[in-house]
J.: 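First the structure, then my questions, so here it is.
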Amino acid sequence: MNQDIAAEIAVLREDLHHHNYLYYALDNPQIPDAEYDRLLRRLQVLENENPELITTDSPTLRVGSAPLDAFTQVKHELPMLSLDNAFNDEELADFNKRVIERLGDSLTDDAIEYACEPKLDGIAVSLIYENGVLVLGATRGDGTTGEDITQNVRTIGSIPLRLKGEGIPERLEVRGEIYMPKAGFEKTNKLAEEKGEKLFVNPRNAAAGSLRQLDSKITAQRSLEMCAYSVGVVQGGQLPSGHGQILEQLSQWGFRINREMQVVHGIEACIAYYAALSDKRNQLPYEIDGIVYKVNDIKLQRELGFISRAPRWAIARKFPAQEEITQLMGVEFQVGRTGAITPVARLKPVFVGGVTVSNATLHNEDEIRRLDVRVGDTVIVRRAGDVIPQIVSIVESRRPSGTKEILFPKSCPVCESVIVQVPGEAVKRCSGGLVCGAQMKEAIKHYASRKAMDIDGLGDKLVELLVDKKLISSVLDLYHLELELIAELERMGEKSAANLLEAIETSKQTTLARFIYSLGIREVGEATARNLAQYYGDIDPLIETDEETLLSINDIGPVVAGFIVGFFAQEDNRQLIHHLRDQGVSWPVVLVQHEALPLAGTSYVLTGSLAALTRDQAKEKLQLLGATVTGTVSKKTDYLVAGPGAGSKLKKAEQLDVPVLDESQLLELLESHNAAI
Ligand code: IVH
């Protein structure tokens, strides 16, 4: 009997290790999460009934163990070094020169082979495996002594509890970075916010905070990952002679390694790698703060050795910082299209995330309270990728005397209407509607924008000017603009004025989806507008619709349905639509097909560049045929359309066996559904 249980436990563990590896190391799960959970629960039950059969590499440890009183100190057998930094190409070139000079006679070729890898922004970790079983996980600490976080690292799915494959050394130390992917960070903070807990300022702090838990059950709930980037102690076994090959070997033993890693020849290729990865940085699912270059040949690494705390064979080329310190000079309140009042921080200009930033959003009143920020405070500003700059925290120890409390206005700063707040919502809104100059401007900007009526040349600045000069006060006025009056505006002239009128004229031929979107109904974005167009076919049935019908449409819930019905219930809005049509705004009636469209139920991702049409155009065409088009490749993706320059998405698709179409195949597909360009 006991034999049978031991055998079942062994099979379950083997299975769980295998699926864990497929999921975390290869990003290629082969069973649903629910099935994995069932296997894990079965193992849990058997272990609970037979505690003598529990081992230190059991997958049940992934959910966390009994809390500790304190972390124990661990002395590293080999010190955990840090890296020197290079902040520009010259400093990187100097590093290369030093390497070449030092290696002198050992070189036959000056083009050194470098392994280039992203520098992950997380926490360094050392993992010790004895006979393939994880026995210790430790933080870097001061490089000599760290803390024992074994219980916590066991909860991280991408850390193998037991290695698989051939040639595993008797004792092996694997080093790498534990980090929290961007998506996990947002999830963690969203949860913290719902629970009224303190938010983490960035993914790195979130990773550190999650690892520092004495209760590993908390760590288990956080989305942490580990990526292996080197080895330390190796006893009773042999590793390959190049860094790149060592990583490949680690991957075969079950670790996640960074697939962006490339071994290149010479410094020029290193610089090119930096440029390529800088472009990709925002699309990566995790944060990186630079590139690490390592001399690939381990023999040469040994020859180079290290000075004080950093190796001579590696360097980190840092990206421009994404967080900086500056001063809050004041707060202004902006009024958006829907009347939402957003406090905007005016900052002492600071270079962060590669640009000079002088404004940051403060979101709403709750955020001001949460940050406890005052005018005059020293603040940390963060600009990651294309995201709007944010104030992540204040530096309390640097609060000067005489800071001023930020008072939220009681009336709209533009039209002085009363500011209202729906109970339970964080945003406050101006109640002035289109009477409010600010809302009027935003509504017109939205109407003219590229994804709405697409009036070429009518950008935000020009709309503001036209409104300020009282030439327009609604979108309808656009169709009564006179050439002479526009030509007199700053930086306009006859030609630009004529072009603008021409563009307004051209834009009148539109699509129903665009027109619905351009009305600026709250919560009706492009996708919803498209669904509405598809369902109703023309504007009149939509104007007359009711909530019940709306609720039967894909993706429309009670809130949006309420906004839509509310919008068309207003006589002003009906009149506006009527007048716009009188002016010649028109669209082809959409063939209403409440049944499946030809590509309904299929999911596409577009990547790389296309020649005959833009990605946005391709997206629109696919969506018109009923396909969903998303930004990330997953198991659920049916096709990836990849043009030249495709990168990580293409790799992911190949890993997941997602069929890949090139542009000509896409055009063929569109043509076959009469949707050619
Ligand atoms: S190699 C002696 N590779 O950066 C080599 N480090 O500033 C030391 N890091 O403590 C590390 N990504 O936590 C290496 N691909 C990568 C890395 C990386 C992130 C971190 C690591 C280290 C710190 C040094």
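In listed order, ligands and their atoms are each counted from 1.
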J.: How about Ser216 and Arg154: do any of their side-chain heavy atoms sit closer than 4.5 Å?
T.: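 Ser216 does not reach Arg154 side chain to side chain.
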
J.: Taking side chain as C-beta onward, heavy atoms only, is Asp33 less than 4.5 Å from Tyr23?
T.: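 Yes, their side chains come closer than 4.5 Å.
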
J.: Got an N/O contact under 3.5 Å between Trp313 and ligand 1?
T.: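 Not met; the criterion fails.
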
J.: At less than 4.0 angstrom from any non-hydrogen atom of Ala124, what atoms of ligand 1 do you find?
T.: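 Within the 4.0 Å cut-off of Ala124, ligand 1 contributes 10 (O), 13 (O).
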
J.: Got an N/O contact under 3.5 Å between Pro118 and ligand 1?
T.: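 Yes.
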
J.: Quick check: Pro311 and ligand 1, any N/O pair under 3.5 Å apart?
T.: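 Checking ligand 1 against Pro311, no N or O pair falls under 3.5 Å apart.
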
J.: Picking from Tyr293, Phe319, Tyr114, what satisfies ring pair (Phe, Tyr, Trp, His ring centres under 6.0 Å) with Tyr274?
T.: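 Among Tyr293, Phe319, Tyr114, the one that satisfies the ring pair (Phe, Tyr, Trp, His ring centres under 6.0 Å) with Tyr274 is Phe319.
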
J.: If we only count heavy atoms from C-beta on, is the Glu130 to Gln235 side-chain gap below 4.5 Å?
T.: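 When only atoms from C-beta onward are counted, Gln235 and Glu130 do not touch, as no gap falls below 4.5 Å.
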
J.: For Val292, counting its heavy atoms only, list the atoms of ligand 1 lying under 4.0 Å from any of them.
T.: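 Reading through ligand 1 atom by atom, the close ones are 3 (N), 15 (N), 16 (C), 17 (C).
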
J.: I'd like to know whether ligand 1 has Lys294 as a neighbour, heavy-atom separation below 4.0 Å.
T.: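 Heavy atoms of Lys294 do come under 4.0 Å of ligand 1.
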
J.: Does Gln322 reach the side chain of Glu287, with side-chain heavy atoms less than 4.5 Å apart?
T.: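 When only atoms from C-beta onward are counted, Glu287 and Gln322 do touch, with a gap below 4.5 Å.
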
J.: His243 and side-chain hydrogen bond (donor to acceptor under 3.5 Å, both in side chains): which partner among Glu113, Glu248, Glu117, Gln301?
T.: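 Testing each of Glu113, Glu248, Glu117, Gln301 against His243, the sole residue satisfying side-chain hydrogen bond (donor to acceptor under 3.5 Å, both in side chains) is Glu117.
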
J.: Select the closest option to atom 7 (O) of ligand 1 among Lys119, Glu117, Met80, judged by heavy-atom distance.
T.: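 Selected option, by shortest heavy-atom distance: Lys119.
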
J.: In the protein, which heavy atom is nearest to atom 22 (C) of ligand 1, and how far is it?
T.: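 Residue, atom and distance for the closest contact: Tyr229 OH, 3.9 Å.
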
J.: For atom 9 (N) of ligand 1, which protein heavy atom lies nearest, and how many Å away is it?
T.: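 Result for atom 9 (N) of ligand 1: Glu177 OE1, 3.6 Å.
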
J.: So do the side chains of Leu172 and Trp253 get within less than 4.5 Å of each other, counting heavy atoms only?
T.: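 When only atoms from C-beta onward are counted, Trp253 and Leu172 do touch, with a gap below 4.5 Å.
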
J.: Determine whether the side chain, the backbone, both or neither of Leu83 has a heavy atom under 4.0 Å from any heavy atom of ligand 1.
T.: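 It is both backbone and side chain that touch ligand 1.
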
J.: Taking the side chain as everything from C-beta on, heavy atoms only, tell me whether Tyr273 gets closer than 4.5 Å to Glu260.
T.: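 Touching, per the 4.5 Å side-chain cut-off.
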
J.: How about Glu396: does its CD atom have over 12 heavy atoms from other parts shown lying under 6.0 Å from it?
T.: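 No, CD of Glu396 has 12 or fewer neighbouring heavy atoms, counting only those of other groups under 6.0 Å.
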
J.: With a cut-off of 4.0 Å, which atoms of ligand 1 are near a heavy atom of Leu81?
T.: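 Under 4.0 Å from Leu81, ligand 1 has these atoms: 2 (C), 8 (C).
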
J.: Return the closest protein heavy atom for atom 12 (N) of ligand 1 as residue, atom name and distance.
T.: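 Atom 12 (N) of ligand 1 sits closest to the protein heavy atom Leu120 N, 3.1 Å.
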
J.: If you measure from each non-hydrogen atom of Ser230 to ligand 1, which part falls under 4.0 Å: side chain, backbone, both or neither?
T.: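 Answer for Ser230: neither.
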
